[in-house]
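Hydrogens, waters and symmetry mates play no part in the numbers below; they use all other heavy atoms, side chains included.
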Amino acid sequence: MAKEYTRHQQKIISRFYENRESIDQQRLGELVTSLYLATGAKQQAKLWKSAEEAMTRLEIPASRIQHIMEKRDPAILAAVVQDLQNGKL
């Protein structure tokens, strides 16, 4: 059974997807901070998975995503966030 949304809910959903790119960019920046502060391996693995998903949605080149995920260095991820903010990607 398909869910029927009110007009108000439809507008909220529409605005979310219109702003998805900026939301993902902000989330990626927050993930950099979280990765620097993360202590447990399990927590770090979850954060890296979220970062990979966000980079994929932001259409970062697959080769760059692969490099970042192999190195798992928050400094490299921070450079990606900086490039996104400067419009270099």
Side-chain angles (χ1 to χ4, degrees):
M1 177 183 344
K3 172 90 168 127
E4 296 282 334
Y5 295 105
T6 66
R7 187 179 264 321
H8 176 71
Q9 290 171 324
Q10 290 172 353
K11 287 181 183 179
I12 291 170
I13 293 167
S14 175
R15 279 193 302 269
F16 172 80
Y17 284 105
E18 287 172 3
N19 296 309
R20 184 69 188 247
E21 184 174 345
S22 62
I23 292 168
D24 283 339
Q25 286 179 6
Q26 180 179 352
R27 176 71 178 132
L28 201 56
E30 293 168 358
L31 285 167
V32 170
T33 303
S34 296
L35 282 164
Y36 273 115
L37 299 174
T39 54
K42 192 173 186 179
Q43 182 184 18
Q44 287 180 347
K46 184 176 178 181
L47 291 170
W48 278 112
K49 181 165 177 46
S50 295
E52 182 177 21
E53 292 168 355
M55 288 187 289
T56 301
R57 281 194 303 272
L58 288 167
E59 299 178 356
I60 307 287
S63 59
R64 191 162 185 190
I65 294 173
Q66 182 181 1
H67 172 72
I68 293 165
M69 295 307 294
E70 286 173 0
K71 298 294 182 182
R72 291 190 181 248
D73 182 0
I76 298 172
L77 187 58
V80 170
V81 171
Q82 188 67 37
D83 288 348
L84 286 168
Q85 290 174 346
N86 293 334
K88 293 183 180 178
L89 289 178

Legend entry - Nearest-0.5 Å distance that lies between atom CD in Glu18 and atom CZ in Arg15: 8.0 Å
Inset, instruction - Provide the full list of side-chain hydrogen bond (donor to acceptor under 3.5 Å, both in side chains) pairs with a residue in residues 71-89, sequence neighbours left out, each pair given once. - result: Arg64-Asp83
Legend entry - Closest contact, heavy atoms only, Ile65 versus Ile60: CD1-O, 3.4 Å
Legend entry - Leu31 versus Ser50, closest heavy-atom pair with distance: CD1-C, 3.8 Å
Inset, instruction - Calculate, to the nearest 0.5 Å, the distance between atoms CD and CZ belonging to Gln25 and Arg57 respectively. - result: 12.0 Å
Inset, instruction - Can you measure from CD1 (Ile13) to NE2 (His8) and round to the nearest 0.5 angstrom? - result: 10.0 Å
Inset, instruction - Output every pair passing side-chain hydrogen bond (donor to acceptor under 3.5 Å, both in side chains) with a member in residues 34-49, not counting sequence neighbours, ordered by first then second residue. - result: Lys49-Glu53
Inset, instruction - May I ask you to check whether over 12 heavy atoms, not counting those of Glu21, lie within 6.0 Å of atom CD? - result: no
Inset, instruction - Look at the side chain of Ser14 and the backbone N and O of Gln10, then say whether any donor-acceptor pair between them is shorter than 3.5 Å. - result: no
Inset, instruction - Using the rule that two of Ile, Leu, Val, Met, Phe, Trp, Tyr join whenever any of their side-chain heavy atoms come within less than 4.5 Å, decide whether Tyr5 and Phe16 are in one cluster. - result: yes
Inset, instruction - Of all the heavy-atom pairs spanning Ala38 and Leu47, show the shortest one and how long it is. - result: CB-CD1, 3.8 Å
Inset, instruction - Please tell me if the side chains of Val80 and Leu84 come closer than 4.5 Å, counting only heavy atoms from C-beta onward. - result: yes
Legend entry - Glu59 atom CD, over 12 foreign heavy atoms within 6.0 Å: no
Legend entry - Chi angles and distances behind the side chain to side chain contact (heavy atoms under 4.5 Å, CB included) call for Met69, Gln66: CA-CA 5 Å; Met69 295 307 294; Gln66 182 181 1; 5.9 Å; no
Legend entry - Interatomic distance, Ile23 atom CD1 to Leu28 atom CG [nearest 0.5 angstrom]: 13.5 Å
Legend entry - OH/Tyr17: more than 12 non-hydrogen atoms of other groups inside 6.0 Å: no
Legend entry - Shortest non-hydrogen contact between Leu35 and Pro74, atoms and distance: CB-CG, 4.0 Å
